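All heavy atoms count here, side chains included; hydrogens, waters and symmetry mates do not. Proteins get letters first, then strands, A, B, ... in listed order; numbering begins at 1 in each. All figures in this text were calculated on a predicted structure; none of them were measured in a lab.
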Number of protein chains: 2
Amino acid sequence: MKVLLVEDDQFHASYMEDVLVETLPEVTQIFHAQNGDEAEQEARAMAIDAVVMDLRMSQRNGIEAARTLWQERPETRILFWSNYADEAYLRGISAIVPEDSAYGYLLKTAPRDRLKLALRAVLIEGQIMVDREIHRLQRAKGQPRTSLDDSEYAVLLDLAIGLQDRLIAERRGMSLRTVQNRLLSLYDKLGVDDAHEDLPINKRVRALNRALVTRTLNIETLETAQRDFDRWQAGRG
Amino acid sequence: MKVLLVEDDQFHASYMEDVLVETLPEVTQIFHAQNGDEAEQEARAMAIDAVVMDLRMSQRNGIEAARTLWQERPETRILFWSNYADEAYLRGISAIVPEDSAYGYLLKTAPRDRLKLALRAVLIEGQIMVDREIHRLQRAKGQPRTSLDDSEYAVLLDLAIGLQDRLIAERRGMSLRTVQNRLLSLYDKLGVDDAHEDLPINKRVRALNRALVTRTLNIETLETAQRDFDRWQAGRG
DNA sequence: ATCCCTCTTGCGGGTTCCCGCAACACTTCT
DNA sequence: AGAAGTGTTGCGGGAACCCGCAAGAGGGAT
(Lines give C-alpha, C1' and ligand atoms only; values in the text may rest on other atoms or scores of the structure.)
Protein backbone atom coordinates (compact mmCIF):
# COMPACT_ATOMS: atom_id res chain seq x y z
CA MET A 1 0.00 0.00 0.00
CA LYS A 2 1.23 3.47 -0.91
CA VAL A 3 0.71 6.37 1.45
CA LEU A 4 1.14 10.03 0.68
CA LEU A 5 2.20 12.24 3.59
CA VAL A 6 1.41 15.89 3.07
CA GLU A 7 3.07 17.97 5.75
CA ASP A 8 5.31 21.00 5.61
CA ASP A 9 6.77 20.76 9.09
CA GLN A 10 9.75 18.45 8.96
CA PHE A 11 9.53 17.39 12.60
CA HIS A 12 5.92 16.41 12.34
CA ALA A 13 6.56 14.71 9.05
CA SER A 14 9.30 12.51 10.39
CA TYR A 15 7.29 11.66 13.47
CA MET A 16 4.37 10.63 11.32
CA GLU A 17 6.58 8.57 9.09
CA ASP A 18 7.90 6.83 12.16
CA VAL A 19 4.46 5.97 13.40
CA LEU A 20 3.36 4.86 9.95
CA VAL A 21 6.10 2.31 9.48
CA GLU A 22 5.72 1.12 13.04
CA THR A 23 1.97 0.72 12.88
CA LEU A 24 1.03 -0.32 9.39
CA PRO A 25 3.02 -3.18 7.92
CA GLU A 26 0.68 -2.95 4.94
CA VAL A 27 2.44 0.22 3.89
CA THR A 28 5.08 -0.40 1.29
CA GLN A 29 5.92 3.11 0.17
CA ILE A 30 5.63 6.56 1.69
CA PHE A 31 5.61 9.61 -0.54
CA HIS A 32 6.02 13.15 0.67
CA ALA A 33 4.55 16.47 -0.31
CA GLN A 34 5.03 19.89 1.24
CA ASN A 35 1.83 21.56 0.15
CA GLY A 36 -1.46 21.09 -1.61
CA ASP A 37 -0.16 21.46 -5.12
CA GLU A 38 2.57 18.90 -4.71
CA ALA A 39 0.06 16.62 -3.05
CA GLU A 40 -2.21 16.65 -6.06
CA GLN A 41 0.61 15.91 -8.47
CA GLU A 42 2.03 13.12 -6.36
CA ALA A 43 -1.33 11.54 -5.80
CA ARG A 44 -2.09 11.60 -9.49
CA ALA A 45 1.29 10.37 -10.59
CA MET A 46 1.53 7.58 -8.05
CA ALA A 47 -2.12 6.53 -7.98
CA ILE A 48 -2.26 7.08 -4.26
CA ASP A 49 -5.27 5.95 -2.30
CA ALA A 50 -4.28 6.69 1.25
CA VAL A 51 -3.27 10.15 2.41
CA VAL A 52 -2.24 11.77 5.66
CA MET A 53 -2.70 15.49 5.30
CA ASP A 54 -1.87 18.54 7.32
CA LEU A 55 -4.49 21.24 6.95
CA ARG A 56 -2.55 24.43 7.28
CA MET A 57 0.02 24.76 4.58
CA SER A 58 1.45 27.67 2.72
CA GLN A 59 0.48 27.32 -0.94
CA ARG A 60 -2.80 25.60 -1.18
CA ASN A 61 -4.36 24.33 1.96
CA GLY A 62 -5.32 20.78 2.81
CA ILE A 63 -9.02 21.14 2.24
CA GLU A 64 -8.67 22.42 -1.27
CA ALA A 65 -6.17 19.73 -2.11
CA ALA A 66 -8.50 17.12 -0.68
CA ARG A 67 -11.35 18.39 -2.77
CA THR A 68 -9.35 17.86 -5.93
CA LEU A 69 -8.13 14.46 -4.83
CA TRP A 70 -11.64 13.30 -4.06
CA GLN A 71 -12.97 14.66 -7.30
CA GLU A 72 -10.49 12.53 -9.19
CA ARG A 73 -10.69 9.46 -6.98
CA PRO A 74 -13.52 9.51 -4.47
CA GLU A 75 -12.33 6.29 -2.85
CA THR A 76 -9.17 7.94 -1.57
CA ARG A 77 -8.84 7.64 2.19
CA ILE A 78 -7.64 10.75 3.91
CA LEU A 79 -6.61 11.33 7.48
CA PHE A 80 -6.50 15.04 8.26
CA TRP A 81 -4.02 15.89 10.92
CA SER A 82 -4.01 19.37 12.30
CA ASN A 83 -2.98 21.59 15.15
CA TYR A 84 -6.30 23.34 15.26
CA ALA A 85 -9.81 22.51 16.24
CA ASP A 86 -11.45 25.20 14.18
CA GLU A 87 -15.03 24.63 13.25
CA ALA A 88 -14.10 26.20 9.96
CA TYR A 89 -11.94 23.21 9.09
CA LEU A 90 -14.53 20.66 10.09
CA ARG A 91 -17.18 22.42 8.08
CA GLY A 92 -14.84 22.71 5.17
CA ILE A 93 -14.15 19.02 5.24
CA SER A 94 -17.71 17.87 5.58
CA ALA A 95 -18.61 20.12 2.68
CA ILE A 96 -16.31 18.23 0.33
CA VAL A 97 -16.28 14.65 1.52
CA PRO A 98 -17.99 12.45 -1.07
CA GLU A 99 -20.62 9.87 -0.31
CA ASP A 100 -19.04 6.76 1.27
CA SER A 101 -15.55 8.14 1.50
CA ALA A 102 -13.34 7.32 4.43
CA TYR A 103 -11.71 10.14 6.29
CA GLY A 104 -10.58 11.13 9.72
CA TYR A 105 -9.69 14.26 11.64
CA LEU A 106 -7.11 14.06 14.39
CA LEU A 107 -5.31 16.69 16.41
CA LYS A 108 -1.56 16.74 16.39
CA THR A 109 -1.59 16.70 20.14
CA ALA A 110 -3.27 13.31 20.16
CA PRO A 111 -1.23 10.63 21.92
CA ARG A 112 0.65 8.13 19.84
CA ASP A 113 -1.80 5.33 20.57
CA ARG A 114 -4.75 7.27 19.33
CA LEU A 115 -2.84 8.22 16.23
CA LYS A 116 -2.07 4.57 15.55
CA LEU A 117 -5.71 3.69 16.01
CA ALA A 118 -6.82 6.42 13.66
CA LEU A 119 -4.30 5.43 11.01
CA ARG A 120 -5.54 1.86 11.01
CA ALA A 121 -9.21 2.78 11.19
CA VAL A 122 -9.14 5.29 8.37
CA LEU A 123 -6.41 4.18 5.98
CA ILE A 124 -6.81 0.43 6.31
CA GLU A 125 -10.36 -0.19 7.44
CA GLY A 126 -11.91 2.74 5.61
CA GLN A 127 -13.77 4.04 8.63
CA ILE A 128 -14.71 7.58 9.53
CA MET A 129 -13.15 8.93 12.67
CA VAL A 130 -13.19 12.35 14.25
CA ASP A 131 -11.19 13.15 17.34
CA ARG A 132 -13.48 13.80 20.26
CA GLU A 133 -11.04 16.33 21.59
CA ILE A 134 -11.99 18.62 18.75
CA HIS A 135 -15.51 19.13 19.94
CA ARG A 136 -14.35 19.58 23.50
CA LEU A 137 -11.95 22.31 22.48
CA GLN A 138 -14.58 24.03 20.39
CA ARG A 139 -16.93 24.18 23.31
CA ALA A 140 -14.23 25.86 25.35
CA LYS A 141 -13.95 28.63 22.79
CA GLY A 142 -17.36 30.00 23.68
CA GLN A 143 -18.72 29.11 20.31
CA PRO A 144 -22.04 30.25 18.91
CA ARG A 145 -25.05 29.35 21.01
CA THR A 146 -26.52 27.09 18.44
CA SER A 147 -24.66 26.10 15.38
CA LEU A 148 -25.32 27.76 12.08
CA ASP A 149 -27.35 25.99 9.46
CA ASP A 150 -26.13 25.82 5.89
CA SER A 151 -27.95 28.82 4.60
CA GLU A 152 -26.83 30.95 7.50
CA TYR A 153 -23.30 29.81 6.90
CA ALA A 154 -23.53 30.68 3.23
CA VAL A 155 -24.69 34.18 4.05
CA LEU A 156 -21.94 34.49 6.60
CA LEU A 157 -19.36 33.68 3.97
CA ASP A 158 -20.81 36.29 1.65
CA LEU A 159 -20.86 38.86 4.39
CA ALA A 160 -17.29 37.97 5.25
CA ILE A 161 -15.96 38.79 1.81
CA GLY A 162 -17.76 42.11 1.92
CA LEU A 163 -20.80 41.59 -0.26
CA GLN A 164 -23.79 43.84 0.16
CA ASP A 165 -27.21 42.55 0.98
CA ARG A 166 -28.45 42.95 -2.54
CA LEU A 167 -25.66 40.93 -4.05
CA ILE A 168 -25.99 38.19 -1.46
CA ALA A 169 -29.67 38.01 -2.31
CA GLU A 170 -28.88 37.65 -5.97
CA ARG A 171 -26.20 35.06 -5.46
CA ARG A 172 -28.20 32.92 -3.08
CA GLY A 173 -31.54 33.39 -4.77
CA MET A 174 -33.29 35.02 -1.83
CA SER A 175 -35.10 38.25 -1.46
CA LEU A 176 -33.37 41.17 0.12
CA ARG A 177 -35.45 40.91 3.25
CA THR A 178 -34.70 37.23 3.64
CA VAL A 179 -31.02 37.91 3.51
CA GLN A 180 -31.52 40.42 6.27
CA ASN A 181 -33.41 37.86 8.28
CA ARG A 182 -30.48 35.49 7.93
CA LEU A 183 -28.23 38.25 9.10
CA LEU A 184 -30.43 38.79 12.10
CA SER A 185 -30.17 35.19 13.17
CA LEU A 186 -26.45 35.27 12.48
CA TYR A 187 -26.06 38.25 14.74
CA ASP A 188 -27.99 36.39 17.36
CA LYS A 189 -26.10 33.15 17.14
CA LEU A 190 -22.68 34.73 16.90
CA GLY A 191 -23.40 36.81 19.96
CA VAL A 192 -23.31 40.14 18.18
CA ASP A 193 -24.82 42.07 20.98
CA ASP A 194 -25.81 45.64 20.63
CA ALA A 195 -25.92 45.91 24.38
CA HIS A 196 -22.54 46.04 26.13
CA GLU A 197 -23.23 49.25 28.03
CA ASP A 198 -25.37 50.89 25.37
CA LEU A 199 -22.32 51.08 23.17
CA PRO A 200 -23.41 51.06 19.57
CA ILE A 201 -21.47 48.81 17.27
CA ASN A 202 -21.21 48.04 13.59
CA LYS A 203 -23.00 44.75 13.44
CA ARG A 204 -21.62 43.60 10.15
CA VAL A 205 -18.02 43.96 11.11
CA ARG A 206 -18.78 42.62 14.54
CA ALA A 207 -20.32 39.51 13.05
CA LEU A 208 -17.17 38.78 11.09
CA ASN A 209 -15.08 39.47 14.15
CA ARG A 210 -17.12 37.09 16.28
CA ALA A 211 -17.09 34.41 13.61
CA LEU A 212 -13.31 34.56 13.59
CA VAL A 213 -12.82 34.70 17.31
CA THR A 214 -15.13 31.75 17.86
CA ARG A 215 -13.26 29.89 15.15
CA THR A 216 -16.38 29.55 13.06
CA LEU A 217 -14.33 31.05 10.26
CA ASN A 218 -10.62 31.37 9.83
CA ILE A 219 -8.49 33.32 7.43
CA GLU A 220 -8.17 30.46 4.99
CA THR A 221 -11.94 30.20 4.87
CA LEU A 222 -12.02 33.81 3.78
CA GLU A 223 -9.56 33.10 1.02
CA THR A 224 -11.44 30.14 -0.37
CA ALA A 225 -14.77 31.94 -0.05
CA GLN A 226 -13.31 34.70 -2.16
CA ARG A 227 -12.17 32.24 -4.80
CA ASP A 228 -15.56 30.60 -4.86
CA PHE A 229 -17.21 33.94 -5.30
CA ASP A 230 -14.86 34.89 -8.11
CA ARG A 231 -15.68 31.67 -9.86
CA TRP A 232 -19.41 32.26 -9.51
CA GLN A 233 -18.92 35.81 -10.65
CA ALA A 234 -16.98 34.70 -13.72
CA GLY A 235 -19.76 32.35 -14.83
CA ARG A 236 -22.60 34.78 -15.28
CA GLY A 237 -21.84 37.69 -17.63
CA MET B 1 22.94 31.28 32.31
CA LYS B 2 19.32 30.26 32.61
CA VAL B 3 17.12 30.06 29.56
CA LEU B 4 13.35 29.74 29.46
CA LEU B 5 11.91 27.90 26.49
CA VAL B 6 8.26 28.69 25.84
CA GLU B 7 6.85 26.32 23.27
CA ASP B 8 3.80 24.11 23.24
CA ASP B 9 4.83 21.79 20.43
CA GLN B 10 6.94 19.03 21.90
CA PHE B 11 8.85 18.32 18.71
CA HIS B 12 9.87 21.88 18.27
CA ALA B 13 10.70 22.18 21.94
CA SER B 14 13.05 19.24 21.95
CA TYR B 15 14.71 20.40 18.75
CA MET B 16 15.29 23.80 20.25
CA GLU B 17 16.66 22.31 23.42
CA ASP B 18 19.06 20.28 21.33
CA VAL B 19 20.32 23.30 19.49
CA LEU B 20 20.58 25.30 22.69
CA VAL B 21 22.82 22.86 24.48
CA GLU B 22 24.87 22.34 21.37
CA THR B 23 25.36 26.01 20.62
CA LEU B 24 25.54 27.86 23.90
CA PRO B 25 27.88 26.40 26.50
CA GLU B 26 27.01 29.43 28.61
CA VAL B 27 23.60 27.93 29.25
CA THR B 28 23.46 26.07 32.54
CA GLN B 29 19.75 25.45 32.93
CA ILE B 30 16.80 25.25 30.58
CA PHE B 31 13.29 25.77 31.89
CA HIS B 32 10.16 24.95 29.98
CA ALA B 33 6.75 26.53 29.69
CA GLN B 34 3.80 25.56 27.51
CA ASN B 35 2.03 28.89 27.28
CA GLY B 36 2.20 32.54 28.18
CA ASP B 37 0.91 32.19 31.71
CA GLU B 38 3.40 29.53 32.66
CA ALA B 39 6.11 31.57 31.03
CA GLU B 40 5.42 34.56 33.24
CA GLN B 41 5.44 32.50 36.40
CA GLU B 42 8.61 30.65 35.51
CA ALA B 43 10.41 33.80 34.49
CA ARG B 44 9.46 35.49 37.71
CA ALA B 45 10.27 32.56 39.94
CA MET B 46 13.58 31.73 38.32
CA ALA B 47 14.74 35.26 37.55
CA ILE B 48 15.15 34.41 33.93
CA ASP B 49 16.83 36.82 31.58
CA ALA B 50 16.95 34.91 28.34
CA VAL B 51 13.84 33.53 26.67
CA VAL B 52 13.04 31.64 23.50
CA MET B 53 9.36 32.06 22.79
CA ASP B 54 6.86 30.65 20.37
CA LEU B 55 4.27 33.20 19.36
CA ARG B 56 1.19 31.14 18.74
CA MET B 57 0.08 29.37 21.86
CA SER B 58 -3.25 28.40 23.25
CA GLN B 59 -3.78 30.31 26.49
CA ARG B 60 -2.07 33.59 26.27
CA ASN B 61 0.03 34.31 23.27
CA GLY B 62 3.69 35.10 23.14
CA ILE B 63 3.36 38.79 22.59
CA GLU B 64 1.26 39.37 25.64
CA ALA B 65 3.55 37.25 27.74
CA ALA B 66 6.53 39.18 26.44
CA ARG B 67 4.89 42.46 27.33
CA THR B 68 4.56 41.37 30.95
CA LEU B 69 8.07 40.01 31.07
CA TRP B 70 9.52 43.20 29.72
CA GLN B 71 7.47 45.32 32.06
CA GLU B 72 8.96 43.49 34.98
CA ARG B 73 12.49 43.20 33.63
CA PRO B 74 13.16 45.25 30.54
CA GLU B 75 16.63 43.78 30.16
CA THR B 76 15.22 40.34 29.38
CA ARG B 77 16.43 39.04 26.04
CA ILE B 78 13.79 37.34 23.98
CA LEU B 79 14.08 35.38 20.78
CA PHE B 80 10.68 34.96 19.16
CA TRP B 81 10.44 31.85 17.11
CA SER B 82 7.41 31.38 14.95
CA ASN B 83 5.92 29.59 12.02
CA TYR B 84 4.38 32.70 10.60
CA ALA B 85 5.56 35.88 8.98
CA ASP B 86 2.48 37.90 9.79
CA GLU B 87 2.93 41.61 9.87
CA ALA B 88 0.56 41.52 12.80
CA TYR B 89 3.16 39.75 14.91
CA LEU B 90 5.97 42.07 13.95
CA ARG B 91 3.87 45.09 14.68
CA GLY B 92 2.77 43.60 17.97
CA ILE B 93 6.35 43.01 18.98
CA SER B 94 7.69 46.39 18.00
CA ALA B 95 4.83 47.95 19.92
CA ILE B 96 5.99 46.41 23.17
CA VAL B 97 9.76 46.17 22.96
CA PRO B 98 11.33 48.57 25.46
CA GLU B 99 14.11 50.99 24.68
CA ASP B 100 17.44 49.14 24.40
CA SER B 101 16.04 45.66 24.79
CA ALA B 102 17.48 42.80 22.88
CA TYR B 103 15.16 40.63 20.86
CA GLY B 104 14.99 38.63 17.71
CA TYR B 105 12.40 37.18 15.38
CA LEU B 106 13.17 34.00 13.53
CA LEU B 107 11.06 31.65 11.46
CA LYS B 108 10.86 28.01 12.44
CA THR B 109 11.81 27.07 8.93
CA ALA B 110 15.17 28.78 9.33
CA PRO B 111 18.11 26.41 8.89
CA ARG B 112 19.95 25.21 11.95
CA ASP B 113 22.94 27.46 11.32
CA ARG B 114 20.86 30.59 11.24
CA LEU B 115 19.11 29.53 14.39
CA LYS B 116 22.44 29.09 16.13
CA LEU B 117 23.54 32.49 14.97
CA ALA B 118 20.36 34.11 16.21
CA LEU B 119 20.57 32.40 19.57
CA ARG B 120 24.06 33.71 20.13
CA ALA B 121 23.38 37.16 18.76
CA VAL B 122 20.24 37.76 20.80
CA LEU B 123 20.64 35.79 24.01
CA ILE B 124 24.36 36.21 24.52
CA GLU B 125 25.36 39.34 22.67
CA GLY B 126 22.14 41.22 23.28
CA GLN B 127 21.70 42.21 19.66
CA ILE B 128 18.52 42.76 17.69
CA MET B 129 17.93 40.40 14.83
CA VAL B 130 15.01 39.91 12.51
CA ASP B 131 14.93 37.16 9.95
CA ARG B 132 15.12 38.63 6.48
CA GLU B 133 12.89 35.85 5.24
CA ILE B 134 10.00 37.44 7.08
CA HIS B 135 9.94 40.52 4.95
CA ARG B 136 10.35 38.49 1.81
CA LEU B 137 7.35 36.36 2.67
CA GLN B 138 5.28 39.37 3.52
CA ARG B 139 5.92 40.88 0.16
CA ALA B 140 4.73 37.71 -1.48
CA LYS B 141 1.37 38.02 0.28
CA GLY B 142 0.41 41.03 -1.79
CA GLN B 143 0.46 43.23 1.24
CA PRO B 144 -0.87 46.76 1.40
CA ARG B 145 0.65 49.17 -1.08
CA THR B 146 2.21 51.33 1.52
CA SER B 147 2.34 50.36 5.13
CA LEU B 148 -0.08 51.81 7.60
CA ASP B 149 1.05 54.49 9.99
CA ASP B 150 0.29 54.19 13.67
CA SER B 151 -2.88 56.21 13.67
CA GLU B 152 -4.26 54.32 10.71
CA TYR B 153 -3.44 51.09 12.43
CA ALA B 154 -5.19 52.21 15.60
CA VAL B 155 -8.33 53.03 13.64
CA LEU B 156 -8.08 49.70 11.88
CA LEU B 157 -8.07 47.90 15.19
CA ASP B 158 -11.12 49.80 16.32
CA LEU B 159 -12.90 49.09 13.09
CA ALA B 160 -11.98 45.44 13.42
CA ILE B 161 -13.67 45.00 16.75
CA GLY B 162 -16.79 46.60 15.36
CA LEU B 163 -16.74 50.12 16.74
CA GLN B 164 -18.70 52.83 15.01
CA ASP B 165 -17.10 55.99 13.72
CA ARG B 166 -18.33 58.06 16.58
CA LEU B 167 -16.88 55.82 19.23
CA ILE B 168 -13.56 55.56 17.44
CA ALA B 169 -13.46 59.34 17.33
CA GLU B 170 -14.07 59.51 21.05
CA ARG B 171 -11.54 56.87 21.91
CA ARG B 172 -8.79 58.26 19.74
CA GLY B 173 -9.55 61.89 20.37
CA MET B 174 -10.27 62.78 16.77
CA SER B 175 -13.23 64.36 15.13
CA LEU B 176 -15.74 62.20 13.36
CA ARG B 177 -14.62 63.44 9.99
CA THR B 178 -11.00 62.72 10.75
CA VAL B 179 -11.83 59.16 11.60
CA GLN B 180 -13.55 58.89 8.29
CA ASN B 181 -10.49 60.28 6.57
CA ARG B 182 -8.40 57.62 8.21
CA LEU B 183 -10.85 55.04 7.00
CA LEU B 184 -10.53 56.40 3.49
CA SER B 185 -6.79 55.98 3.49
CA LEU B 186 -7.17 52.55 5.06
CA TYR B 187 -9.49 51.51 2.27
CA ASP B 188 -6.96 52.76 -0.18
CA LYS B 189 -3.94 51.09 1.35
CA LEU B 190 -5.66 47.81 2.02
CA GLY B 191 -6.86 47.66 -1.54
CA VAL B 192 -10.53 47.92 -0.73
CA ASP B 193 -11.66 48.58 -4.20
CA ASP B 194 -15.16 49.52 -4.99
CA ALA B 195 -14.52 48.64 -8.59
CA HIS B 196 -14.26 44.92 -9.38
CA GLU B 197 -16.79 44.95 -12.19
CA ASP B 198 -18.98 47.68 -10.74
CA LEU B 199 -19.89 45.33 -7.92
CA PRO B 200 -20.73 47.33 -4.84
CA ILE B 201 -19.24 46.11 -1.60
CA ASN B 202 -19.40 46.82 2.07
CA LYS B 203 -16.19 48.68 2.61
CA ARG B 204 -15.96 48.23 6.32
CA VAL B 205 -16.21 44.48 6.22
CA ARG B 206 -14.03 44.38 3.19
CA ALA B 207 -11.34 46.34 4.98
CA LEU B 208 -11.26 43.81 7.80
CA ASN B 209 -11.23 41.00 5.29
CA ARG B 210 -8.30 42.50 3.40
CA ALA B 211 -6.40 43.24 6.58
CA LEU B 212 -6.69 39.59 7.52
CA VAL B 213 -5.88 38.16 4.13
CA THR B 214 -2.81 40.35 3.78
CA ARG B 215 -1.76 39.31 7.27
CA THR B 216 -1.86 42.85 8.50
CA LEU B 217 -4.09 41.52 11.25
CA ASN B 218 -4.63 38.05 12.53
CA ILE B 219 -7.19 36.53 14.81
CA GLU B 220 -5.06 36.94 17.90
CA THR B 221 -4.71 40.61 17.12
CA LEU B 222 -8.48 40.85 17.20
CA GLU B 223 -8.59 39.20 20.57
CA THR B 224 -6.02 41.45 22.15
CA ALA B 225 -7.55 44.53 20.56
CA GLN B 226 -10.81 43.57 22.20
CA ARG B 227 -9.14 43.22 25.57
CA ASP B 228 -7.45 46.59 25.19
CA PHE B 229 -10.74 48.17 24.33
CA ASP B 230 -12.47 46.57 27.30
CA ARG B 231 -9.77 47.92 29.56
CA TRP B 232 -10.13 51.40 28.12
CA GLN B 233 -13.86 51.11 28.39
CA ALA B 234 -13.64 50.07 32.04
CA GLY B 235 -11.56 53.10 32.93
CA ARG B 236 -13.94 55.92 32.05
CA GLY B 237 -17.47 56.05 33.46
C1' DA C 1 -60.46 21.28 6.60
C1' DT C 2 -58.73 24.01 10.25
C1' DC C 3 -55.32 25.64 13.17
C1' DC C 4 -50.66 26.59 14.28
C1' DC C 5 -45.96 27.31 13.38
C1' DT C 6 -42.20 28.67 10.70
C1' DC C 7 -40.21 30.94 6.76
C1' DT C 8 -40.42 34.42 3.28
C1' DT C 9 -41.27 38.86 1.44
C1' DG C 10 -42.56 43.96 0.90
C1' DC C 11 -42.86 48.45 3.13
C1' DG C 12 -41.32 52.20 5.78
C1' DG C 13 -38.32 54.86 8.44
C1' DG C 14 -34.56 55.77 11.67
C1' DT C 15 -29.55 55.32 11.79
C1' DT C 16 -24.98 54.80 10.12
C1' DC C 17 -21.79 55.05 6.51
C1' DC C 18 -19.29 57.11 2.67
C1' DC C 19 -17.44 60.96 0.75
C1' DG C 20 -17.27 65.58 -2.09
C1' DC C 21 -16.68 70.31 -0.94
C1' DA C 22 -14.76 74.00 1.39
C1' DA C 23 -12.75 76.49 5.27
C1' DC C 24 -8.94 76.52 8.37
C1' DA C 25 -4.77 75.45 10.62
C1' DC C 26 0.48 74.31 10.27
C1' DT C 27 4.69 73.27 7.95
C1' DT C 28 8.06 74.01 4.56
C1' DC C 29 10.20 75.95 0.72
C1' DT C 30 11.56 80.03 -1.95
C1' DA D 1 6.26 87.36 3.60
C1' DG D 2 4.10 84.57 0.21
C1' DA D 3 3.09 80.16 -1.90
C1' DA D 4 2.22 75.52 -1.91
C1' DG D 5 1.46 71.31 0.32
C1' DT D 6 -0.63 68.40 4.08
C1' DG D 7 -3.81 67.26 7.77
C1' DT D 8 -8.21 68.41 10.39
C1' DT D 9 -12.89 69.63 10.76
C1' DG D 10 -17.98 70.84 9.64
C1' DC D 11 -21.82 70.34 6.43
C1' DG D 12 -24.79 67.98 3.55
C1' DG D 13 -26.80 64.36 1.06
C1' DG D 14 -27.21 59.86 -1.29
C1' DA D 15 -26.73 54.97 -0.37
C1' DA D 16 -26.69 51.05 2.58
C1' DC D 17 -28.01 48.94 6.75
C1' DC D 18 -31.05 47.43 10.58
C1' DC D 19 -35.34 45.97 11.78
C1' DG D 20 -40.56 46.25 13.36
C1' DC D 21 -44.81 45.16 11.26
C1' DA D 22 -47.89 42.61 8.75
C1' DA D 23 -49.38 39.93 4.85
C1' DG D 24 -48.78 35.65 2.57
C1' DA D 25 -46.97 30.63 1.68
C1' DG D 26 -46.03 26.13 2.86
C1' DG D 27 -46.10 22.08 6.26
C1' DG D 28 -47.65 19.28 9.84
C1' DA D 29 -50.83 17.82 13.56
C1' DT D 30 -55.58 17.16 15.24
What's the CG-P distance between B:Leu184 and D:dT6, to the nearest Å? 17 Å
Just the rounded figure in Å: distance from C1' of D:dC17 to CD1 of B:Ile201. 15 Å
A:Leu199 CG to C:dT16 C1': how many Å, rounded? 16 Å
Ignoring backbone atoms, establish whether B:Lys203 has a side-chain N or O less than 4.0 Å from OP1 or OP2 of D:dA16. no
Expressed as a whole number of angstroms, how long is the span from B:Arg206:CZ to D:dC17:C1'? 19 Å
Please determine whether a side-chain nitrogen or oxygen atom of A:Asn202 lies at a distance below 4.0 Å from atom OP1 or OP2 of C:dT16. no
Length of the CD1-C1' vector between A:Ile168 and D:dC18, whole Å: 14 Å
Nucleotide by nucleotide, 5' to 3', does protein get under 4.0 Å of the base (B), only the sugar-phosphate (S), or neither (-) in nucleotides 8-15 of chain C, counting heavy atoms? BBBB----
Below 4.0 angstrom, N of the basic side chain to O of the carboxylate: do A:Lys108 and A:Glu7 qualify? yes
Which residues pass the ring-ring contact (aromatic ring centres under 6.0 Å, His included) test with A:Tyr105, sequence neighbours left out? none
Output the rounded distance in Å from CG (A:Leu183) to P (D:dG20). 14 Å
Pairs where residues 94-107 of chain B contributes a residue and the test salt bridge (Lys or Arg N to Asp or Glu O under 4.0 Å) is met, not counting sequence neighbours: none
Looking at A:Phe229, I'd like to know if the NZ or CZ of A:Arg171 sits under 6.0 Å from its six-membered ring centre while staying within 45 degrees of the ring's axis. no
Check the surroundings of atom CZ in B:Arg44: do more than 12 heavy atoms from other residues, nucleotides or ligands lie under 6.0 Å from it? yes
Taking atom C1' of D:dG7 as reference, at what distance in whole Å does atom CG of B:Asp149 sit? 11 Å
Under-4.0 Å salt bridge between A:Arg67 and A:Glu72: no
